[in-house]
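None of the values given here were measured: they were computed from a predicted structure.
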Amino acid sequence: MAETTTAKSRREAWGRLRKLPSKRWQARYPAPDGKLYSARTEDDRPLTFLTKGDARAWLNRVHDSIARGEWEPPAEAAARREREEAEAAARDITFAEYADRWLERIATEPGKGSKMRKPATVMMYRGRVNNYLRERLGDTLVREIDTDVVRALTRDLVAIPSRLRPDAPHNGVAGDAIDVLKMILRAAVADGVLERMPDVATPQRKSVRHDQDHAPEDDVATPGQVEALYAAIPQPWRIAVLLAAWCQLRRGEVLGLQRRDIVWNIDRTAATLYVRRQKNGSTGGLTDPKSETGVRSMAVPPLMIDRLREHLDERVGAGAKSPIVPTSVKGKEHMSASRWNSVWADRRAAVAGLPEGYRFHDLRHTGLTRFAQEGATLAELMRRGGHADIKVVLRYQKATMARDIELAARMSASVDAELACATATPAR
């Protein structure tokens with residue numbers, strides 16, 4: 001800094017002192033980087049002193065820091081302190097504050113595979129945070145969430161009575177809530193807010209719809225029961241029963257179908273169904289299927305062709321985007337999931353022999369089970385059902401056991417016949 005005619009610079013044993021026109025004192029010093037610096041505050045602002053002694057004392061402190069190898073350029077030191085303060089503030093963030101930031105992040109930033117999460121997925125995570133985590137952990141500092149804290153939370157969540165069956169030994173929500181908590185804590189570790197992940201297992205997920213004696217096979221409806229359900233549902237909605245059972249569609253896929261998704265052959269005796277979208281039960285909008293494998297095509301079984309053709313002719317609007325399951329005959333609005341659930345709950349009880357609380361989704365399970373019993377391979381089941389995970393499809397292997405026994409018996413009989421024939425025919 002250049003000296004003025006109104007201020008005199010005084011050389012010290014080390015550094016320089018200068019009295020400014022304001023009567024305050026300025027200190028300057030040579031730094032290890034070869035530059036001459038004026039005194040600066042910790043946030044890198046100009047610093048002057050009331051007395052010469054104060055300025056000299058400051059110079060001495062800087063000289064000592066250089067001698068100890070602790071000196072940093074003022075701008076770098078200020079930036080470092082700012083980072084440290086921000087990191088300290090981050091480490092003092094509460095779970096409620098961090099969870100809100102995390103929810104905002106997953107809603108606006110791509111996830112795995114650089115794909116944005118679906119709004120329904122974000123809504124589901126937000127529900128688990130608000131319903132099960134915020135009240136119990138909201139004021140807890142994230143850095144204080146350790147294994148003991150998560151174990152205590154897990155015990156509390158496991159102890160919550162099931163809303164569906166209060167007498168059930170589990171509730172079906174603890175595992176999902178703890179999984180979301182782990183996702184948040186893994187992000188906190190990556191952000192440096194939490195030192196390490198708590199080591200706590202996710203509670204086992206068990207269905208609360210039935211007791212322990214209930215088997216998956218009990219949810220497979222007979223063809224007669226499917227027909228009875230079809231008859232029990234009012235028009236113009238009953239076609240949904242056949243689409244779920246014999247085209248193995250999910251509820252959202254059924255409610256998202258449009259006229260353009262049914263492609264007929266020339267004489268309308270056969271049709272191909274295309275799954276291109278779904279009616280989202282959370283947001284109410286039309287969205288892409290839940291995975292890439294959810295986009296698929298399939299042959300419509302002949303057993304429902306006549307009724308599907310009649311339904312399109314009499315109850316579906318003429319437009320390409322007219323919903324297959326409209327709110328009213330030839331209406332333009334897709335049936336909502338909540339309204340469909342209400343209709344289903346009112347009418348399913350009219351069908352004898354179905355388990356209590358029989359779900360619309362169980363019709364899809366029925367159809368895939370029958371498809372497996374006809375000898376469909378795992379790949380064919382995955383394609384028909386739009387599954388992305390082979391583990392989900394493996395459950396239908398159990399349903400093929402009857403078919404397997406039949407095929408094994410037929411193979412055994414044919415082998416026995418060939419052996420008997422070979423034994424009875426003398427060698428030449």
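- One finds the CE atom of M304 at 12.0 Å from the CD atom of E310 (value rounded to the nearest 0.5 Å).
- Atoms CE and CZ, on M124 and R117 in that order, are 10.5 Å from each other to the nearest 0.5 Å.
- Counting non-hydrogen atoms of neighbouring residues, nucleotides and ligands closer than 6.0 angstrom, the CG atom of D389 exceeds 12 such neighbours.
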ring-ring contact (aromatic ring centres under 6.0 Å, His included) between F371 and W246, intermediate numbers included: CA-CA 9 Å; F371 210 64; W246 307 135; over 10 Å; no
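- One finds a salt bridge joining R250 and E253 here, because a Lys/Arg side-chain nitrogen approaches an Asp/Glu carboxylate oxygen to under 4.0 Å.
- Interatomic distance, NE2 of H365 versus CZ of F360, reported as 15.0 Å (0.5 Å rounding).
- Classification of R134 and D100 as a salt-bridged pair holds, one side-chain N sitting under 4.0 Å from a carboxylate O.
- A donor atom on one side chain and an acceptor atom on the other are found under 3.5 Å apart for R384 and Q248.
- Here the side chains of W264 and L312 are in contact, with some heavy-atom distance below 4.5 Å.
- Side-chain contact, W58 with Y29: no donor N or O sits under 3.5 Å from an acceptor N or O.
- Taking 4.0 Å as the cut-off between side-chain N and carboxylate O, R81 and D43 do not count as a salt-bridged pair.
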Stepwise side-chain contact (heavy atoms from CB on, under 4.5 Å) check, L363 with L243: CA-CA 9 Å; L363 289 176; L243 291 168; over 6 Å; no
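- Residues H387 and L368 form a side-chain contact, since some pair of their non-hydrogen atoms from C-beta on lies under 4.5 Å apart.
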Stepwise side-chain contact (heavy atoms from CB on, under 4.5 Å) check, I184 with V180: CA-CA 6 Å; I184 295 172; V180 172; 4.2 Å; yes
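- Taking a cutoff of 4.0 Å between a charged side-chain nitrogen and a carboxylate oxygen, E84 and R80 qualify as a salt bridge.
- Using modelled atom types and a 3.5 Å distance limit, the side chains of S328 and R315 yield no donor-acceptor pair.
- Salt-bridge annotation for D288 and R276: absent, with no side-chain N of the basic residue lying under 4.0 Å from a carboxylate O of the acidic one.
- Checking D179 against T202 by side-chain atom types alone, a donor-acceptor pair falls below 3.5 Å.
- The environment of D139 atom CG is sparse: at most 12 non-hydrogen atoms of other residues, nucleotides or ligands sit within 6.0 angstrom.
- Atom CD of E42 has 12 or fewer neighbouring heavy atoms from other residues, nucleotides or ligands inside a 6.0 Å radius.
- Among R105, R186, R101, the single residue meeting the side-chain hydrogen bond (donor to acceptor under 3.5 Å, both in side chains) criterion with D191 is R105.
- Remark: R128 fails to qualify as a cation-pi partner of Y125 under the 6.0 Å distance and 45° angle criteria applied to the six-membered ring.
- Salt-bridge formation is not detected for the pair E333/K321: no Lys NZ or Arg NE/NH1/NH2 atom is positioned less than 4.0 Å from an Asp or Glu carboxylate oxygen.
- Surrounding CD of E135 are at most 12 heavy atoms belonging to other residues, nucleotides or ligands under 6.0 Å away.
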Test log, rule side-chain contact (heavy atoms from CB on, under 4.5 Å), inputs L229 and R347: CA-CA 8 Å; L229 285 166; R347 302 301 176 121; over 6 Å; no
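- Atom CD1 in I66 sits 13.5 Å away from atom CZ in R61 (nearest 0.5 Å).
- In this structure, a donor-acceptor pair under 3.5 Å is present between the side chains of T269 and N265.
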Working for side-chain contact (heavy atoms from CB on, under 4.5 Å), residues L137 and T94: CA-CA 8 Å; L137 292 178; T94 65; over 6 Å; no
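- In this structure, a donor-acceptor pair under 3.5 Å is absent between the side chains of S322 and K332.
- A cation-pi arrangement is present between R238 and Y230 under the rule of less than 6.0 angstrom and at most 45 degrees off the ring axis.
- Between the CG atom of L286 and the NZ atom of K279 there is a distance of 5.5 Å, given to the nearest 0.5 Å.
- Between the CZ atom of R151 and the CG atom of D146 there is a distance of 9.5 Å, given to the nearest 0.5 Å.
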